[in-house]
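Nothing here was measured: the structure is a model prediction, and the numbers come from that model. A, B, ... follow the sequence lines: proteins, then strands. Residue 1 opens every chain.
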There are 2 protein chains.
Amino acid sequence: MRLTTKGRYAVTAMLDLALHSDKGPVSLSDISARQGISLSYLEQLFAKLRKQSLVSSVRGPGGGYLLSRERCDIFVAQIVDAVNESVDATGCRGRSDCQGGTTCLTHHLWCDLSDQIHDFLSGISLEKLVQRKDVRLVAERQDSDIRQIDQSHDKDQDKISAALLG
Amino acid sequence: MRLTTKGRYAVTAMLDLALHSDKGPVSLSDISARQGISLSYLEQLFAKLRKQSLVSSVRGPGGGYLLSRERCDIFVAQIVDAVNESVDATGCRGRSDCQGGTTCLTHHLWCDLSDQIHDFLSGISLEKLVQRKDVRLVAERQDSDIRQIDQSHDKDQDKISAALLG
DNA sequence: TTAATAACCTACTAAATTAGTTGGTTATAT
DNA sequence: ATATAACCAACTAATTTAGTAGGTTATTAA
Ligand code: FES
Ligand code: FES
């Protein structure tokens, strides 16, 4: 079992998508800006998410990604599975053979733990996360931060236009 | 969060200790033979387990390691914590600062997951594991395997002795 | 039709971690 | 005295992570 930045990024990005895709596709550069995740890294993660048909893509300007199912039908466990190998805590991937073909002393413990984690993460849909107060608060802050950055970009653009016009 | 061979080895070795330390200290080479874990690697793990006072050591011939507390007072979570950083699933180690000093969108989810895993692994003592039927079965098989290897070593020794005596 | 956008794709890389190995020293029971 | 077994430090190969670099292809809008 491993749960690192990779899996956390994937869930964060999918949640961002769930929060912002009501008005059409969301581009990875938007997600990158809002969530502070490298664009190229996001591309790699979304290639995997697409392979698992968790998202679908729209190319060209105004394009981006959409959830390929309802928010209530996508679970955190599926997202982590899509980018990591699995949420499996055993060393034998359930095969009971990690001590030279035989069952190791702690096999059953890791099976139980795997079930525990899997049950927990399988019970949490994107819909459930979107509803949470803590998630909404963070999302609002991120959105207003982005609006401020956009405004300052607009000002920069005005300056450039003004300069070009002499 | 990471749960790899390292943490699994540590728990397996501690359980082996719990199963065999009733008649005095258990040497790492015994654990190595029974559990198929490299001796030098075990030494590194036990250095950490000793620092966390989960085991105490006896040097010299007949020496080895003992649990420094009752089996019912040592929990799987403590063992994993001792060799890994922690069973924490957050990227911020609870500090709520993983997105450039601010809370990321999924912080609370990973906190909940960490609690889930910690509660589970904190509820399982070595005593509980020792009592389990599946653990006893594997332990019995390992013990009889070792007895067979010892016997064949004895035969080898007999051959060597015989050869030396002419 | 052309320019901009944004997905898609491949290959490379620095840093960290894992799972060891090697080659010792120190303490102690017999 | 010797064998045992803990203790210790330094090195290593392989793997994984979290990226970067440098493209190509599809689509929209000016
Ligand atoms: S974890 Fe399954 S056999 Fe060891
Ligand atoms: S995991 Fe805690 S702030 Fe991101």
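B:Q44 contributes a side-chain N or O that forms a donor-acceptor pair with the base of C:dT21 under 3.5 Å. With hydrogens and angles ignored, no donor-acceptor pair under 3.5 angstrom links the side chain of A:R59 to the base of D:dT28.
Here B:Y65 reaches the OP1 or OP2 of D:dC7: one of its side-chain N or O atoms lies under 4.0 Å away. Residue A:S29 places no side-chain N or O under 4.0 Å from the OP1 or OP2 atom of C:dT5. Regarding contacts with the backbone of D:dA18, every side-chain N or O of A:K6 stays at 4.0 angstrom or more from both OP1 and OP2. The phosphate of D:dC7 has OP1 or OP2 within less than 4.0 Å of a side-chain N or O from B:S57. Between B:R50 and D:dC7 there is a side-chain N or O to OP1 or OP2 distance below 4.0 Å. A close approach under 4.0 Å does not occur between any side-chain nitrogen or oxygen of A:S40 and OP1 or OP2 of D:dA21.
In terms of heavy atoms, A:L3 sits closest to A:G7 at CD1-CA, 4.3 Å.
Within the 4.0 angstrom heavy-atom criterion, no nucleotide atom of any strand lies near A:F46.
In summary, of the residues considered (B:K133, B:E127, B:K128), a side chain to side chain donor-acceptor pair (under 3.5 Å) with B:Q131 occurs for B:E127 alone.
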Verdict with reasoning, B:H20 to B:D30, per side-chain contact (heavy atoms from CB on, under 4.5 Å): CA-CA 10 Å; B:H20 296 94; B:D30 282 3; over 6 Å; no
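When each of B:G62 and A:G62 is assigned the nucleotide of DNA chain C bearing its nearest heavy atom, the one mapping closer to the 5' terminus is A:G62.
Ring pair A:F46/A:Y65 is tilted by interplanar angle, where 30° to 60° counts as tilted.
Atom C1' of nucleotide D:dT20 and atom CD of A:E43 are separated by 11 Å, given to the nearest angstrom.
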